[in-house]
Chemist: 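This structure is in structure tokens; I'll ask about it shortly.
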Amino acid sequence: PERASMELMKNWEMPDQEASTSSSSPGTSTEVACCVADPNGVDCPLVYISAAFEVLTGYTRVWALGRNCRFLQPNHKSKNSEINRPELDRIGAFCKSTGRGHMLSLLLNERSDGRHFWNVLYLQHVYPTDESDGGVPQGPRYLFSVSSNACLQKDA
């Protein structure tokens with residue numbers, strides 16, 4: 001599974017230039033911040049992130065790919081547990097399930113520069129399908145997520 005994740009990351013990587021051309025403030029991009037994780041890989045690594053994810057979180061594609069997305073949780077462990085624990089438990093159970101469901105969550109997250117933001121997180125299980133076989137799921141499942149800053153900040 002780990003080899004498959006690494007191969008998928010190579011196939012989905014986009015040029016770093018895309019992220020560096022964005023001048024948006026965190027959470028104000030008109031693009032969708034999304035990512036894909038491989039629950040079959042070791043520690044559910046990210047295998048794709050959008051340029052808007054880089055803008056929202058401050059983490060580059062090169063740094064984030066291959067890591068579990070928990071790096072977005074606040075570094076202050078007791079604060080993270082106090083605020084996020086119920087949602088983290090729900091997300092953990094959802095990620096371990098093998099259903100076709102989806103969920104919505106609100107988490108306090110932390111950008112690479114230490115600033116916090118409220119992440120409205122939509123998660124969905126996705127499966128490759130074979131349309132010639134009536135859309136029957138084929139191959140491994142992935143976790144697709146869309147993130148948004150719930151509190152947009154005014155530019156100074």
Side-chain angles (χ1 to χ4, degrees), residues 1-2 4-6 8-99 101-126 140-156:
E2 188 172 343
S5 292
M6 297 305 284
L8 192 57
M9 286 188 318
K10 289 178 189 173
N11 292 338
W12 281 358
E13 278 187 317
M14 299 169 71
D16 287 334
Q17 180 180 0
E18 178 184 347
S20 64
T21 59
S22 176
S23 61
S24 299
S25 298
T28 61
S29 174
T30 58
E31 295 180 34
V32 175
C34 62
C35 62
V36 177
D38 181 0
N40 304 300
V42 175
D43 202 26
C44 197
L46 293 175
V47 294
Y48 171 80
I49 65 169
S50 67
F53 181 94
E54 291 179 287
V55 172
L56 176 65
T57 67
Y59 291 98
T60 65
R61 177 175 288 112
V62 171
W63 191 89
L65 290 178
R67 297 175 189 264
N68 182 291
C69 62
R70 75 176 62 87
F71 62 81
L72 293 172
Q73 295 176 21
N75 286 322
H76 193 275
K77 301 301 179 204
S78 62
K79 182 177 190 176
N80 182 40
S81 183
E82 178 184 339
I83 295 170
N84 288 333
R85 179 53 45 210
E87 288 303 296
L88 293 174
D89 291 343
R90 284 184 58 230
I91 291 169
F94 176 81
C95 292
K96 290 175 185 171
S97 72
T98 57
H102 56 89
M103 72 169 289
L104 189 63
S105 182
L106 180 66
L107 289 173
L108 180 65
N109 279 171
E110 189 170 291
R111 291 179 34 84
S112 64
D113 61 10
R115 289 185 289 161
H116 293 104
F117 68 100
W118 285 103
N119 187 359
V120 177
L121 180 66
Y122 173 83
L123 286 163
Q124 180 175 357
H125 292 281
V126 293
R141 73 183 165 98
Y142 294 94
L143 293 168
F144 171 76
S145 71
V146 176
S147 295
S148 178
N149 187 347
C151 301
L152 298 178
Q153 298 172 350
K154 290 184 179 181
D155 291 334

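Note that these values count all heavy atoms, side chains included, but never hydrogens, waters or copies made by symmetry. The model shown is predicted, which means the values in this text are computed figures rather than measured ones.
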Chemist: If only atom types and distance count, is the side chain of Gln124 paired as donor or acceptor with the main-chain N or O of Phe144 below 3.5 Å?
Modeler: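 Not at all, since once roles are kept as given, no pair shorter than 3.5 Å links the two residues.
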Chemist: Closer than 3.5 angstrom, by distance alone: can the side chain of Arg61 be matched with the main-chain N or O of Glu54 as a donor-acceptor pair?
Modeler: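 No: the side chain of Arg61 does not pair with the backbone of Glu54.
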Chemist: Restricting to ring pair (Phe, Tyr, Trp, His ring centres under 6.0 Å), what partner residues turn up for Trp63, sequence neighbours left out?
Modeler: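 Counting only residues at least two positions away or on another chain, Trp63 forms a ring pair (Phe, Tyr, Trp, His ring centres under 6.0 Å) with Tyr59, Phe71.
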Chemist: Please report the interatomic distance CG(Asn84) to CG(Asn119), rounded to the nearest 0.5 Å.
Modeler: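 It is 9.5 Å, given to the nearest 0.5 Å.
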Chemist: Considering all heavy atoms of both residues, which atom of Cys44 and which atom of Pro39 are nearest to each other, and what is their separation?
Modeler: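 Heavy atoms of Cys44 and Pro39 come nearest at SG-CA, 3.6 Å.
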Chemist: Applying side-chain hydrogen bond (donor to acceptor under 3.5 Å, both in side chains), can you list everything that pairs with Glu110, at least two apart in sequence or on another chain?
Modeler: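 Applying side-chain hydrogen bond (donor to acceptor under 3.5 Å, both in side chains) to Glu110 gives Asn75, His116.
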Chemist: Mind checking what makes side chain to side chain contact (heavy atoms under 4.5 Å, CB included) contact with Cys69, not counting sequence neighbours?
Modeler: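 Cys69 satisfies side chain to side chain contact (heavy atoms under 4.5 Å, CB included) with Leu46 once adjacent residues are dropped.
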Chemist: What's the separation between atom CD in Glu82 and atom CG in Leu108, rounded to the nearest 0.5 Å?
Modeler: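 One finds 10.5 Å between CD of Glu82 and CG of Leu108.
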Chemist: List in chain and number order the residues that pass side-chain hydrogen bond (donor to acceptor under 3.5 Å, both in side chains) with Ser97, two or more places apart in sequence or in another chain; answer none if no residue qualifies.
Modeler: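 Counting only residues at least two positions away or on another chain, Ser97 forms a side-chain hydrogen bond (donor to acceptor under 3.5 Å, both in side chains) with His125.
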Chemist: Within a strict 4.5 Å, meaning less than it, do heavy atoms of the Tyr122 and Ser148 side chains meet?
Modeler: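 Of all side-chain heavy-atom pairs linking Ser148 with Tyr122, none is under 4.5 Å.
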Chemist: When you compare the side chain of Val32 with that of Ser50, does any pair of heavy atoms fall below 4.5 Å?
Modeler: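 Answer no - side chains too far apart.
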Chemist: Answer yes or no: is there a donor N or O on one side and an acceptor on the other, between the side chain of Asp38 and the main chain of Asn40, under 3.5 Å?
Modeler: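 Checked: pair present.
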Chemist: Search all heavy atoms of Gly101 against all heavy atoms of Phe94 and return the closest pair with its distance.
Modeler: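 So the minimum-distance heavy-atom pair works out to O-CZ, 3.5 Å.
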Chemist: Taking the side chain as everything from C-beta on, heavy atoms only, tell me whether Thr57 gets closer than 4.5 Å to Asn109.
Modeler: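 No; the side chains remain at least 4.5 Å from each other.
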Chemist: What pairs with His102 under side-chain hydrogen bond (donor to acceptor under 3.5 Å, both in side chains), at least two apart in sequence or on another chain?
Modeler: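 Listed in chain order: nothing, the list is empty.
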Chemist: State which residues pass side chain to side chain contact (heavy atoms under 4.5 Å, CB included) with Glu87; sequence neighbours excluded, sorted by chain then number.
Modeler: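 Residues passing side chain to side chain contact (heavy atoms under 4.5 Å, CB included) with Glu87: Arg90, Ser105, Leu107.
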Chemist: Mark yes or no for whether Arg111, through its side chain, and Val55, through its backbone, hold a donor-acceptor pair below 3.5 Å.
Modeler: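 Such a contact is found between Arg111 side chain and Val55 backbone.
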Chemist: Say whether, by atom type as modelled, one donor and one acceptor occur between the side chain of Asp43 and the main chain of Asn68 under 3.5 angstrom.
Modeler: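 A pair under 3.5 Å: no.
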Chemist: Show the nearest heavy-atom pair for residues Ser81 and Arg85, with the distance to one decimal.
Modeler: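 Result for this residue pair: O-CB, 2.9 Å.
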Chemist: Could you measure the distance from the CG atom of Asn80 to the CZ atom of Arg70? Nearest 0.5 Å is fine.
Modeler: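 Rounded to the nearest 0.5 Å, the CG-CZ separation comes out at 11.0 Å.
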Chemist: To the nearest 0.5 angstrom, please state how far the OG atom of Ser145 sits from the CG atom of Leu121.
Modeler: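 Rounded to the nearest 0.5 Å, the OG-CG separation comes out at 5.5 Å.
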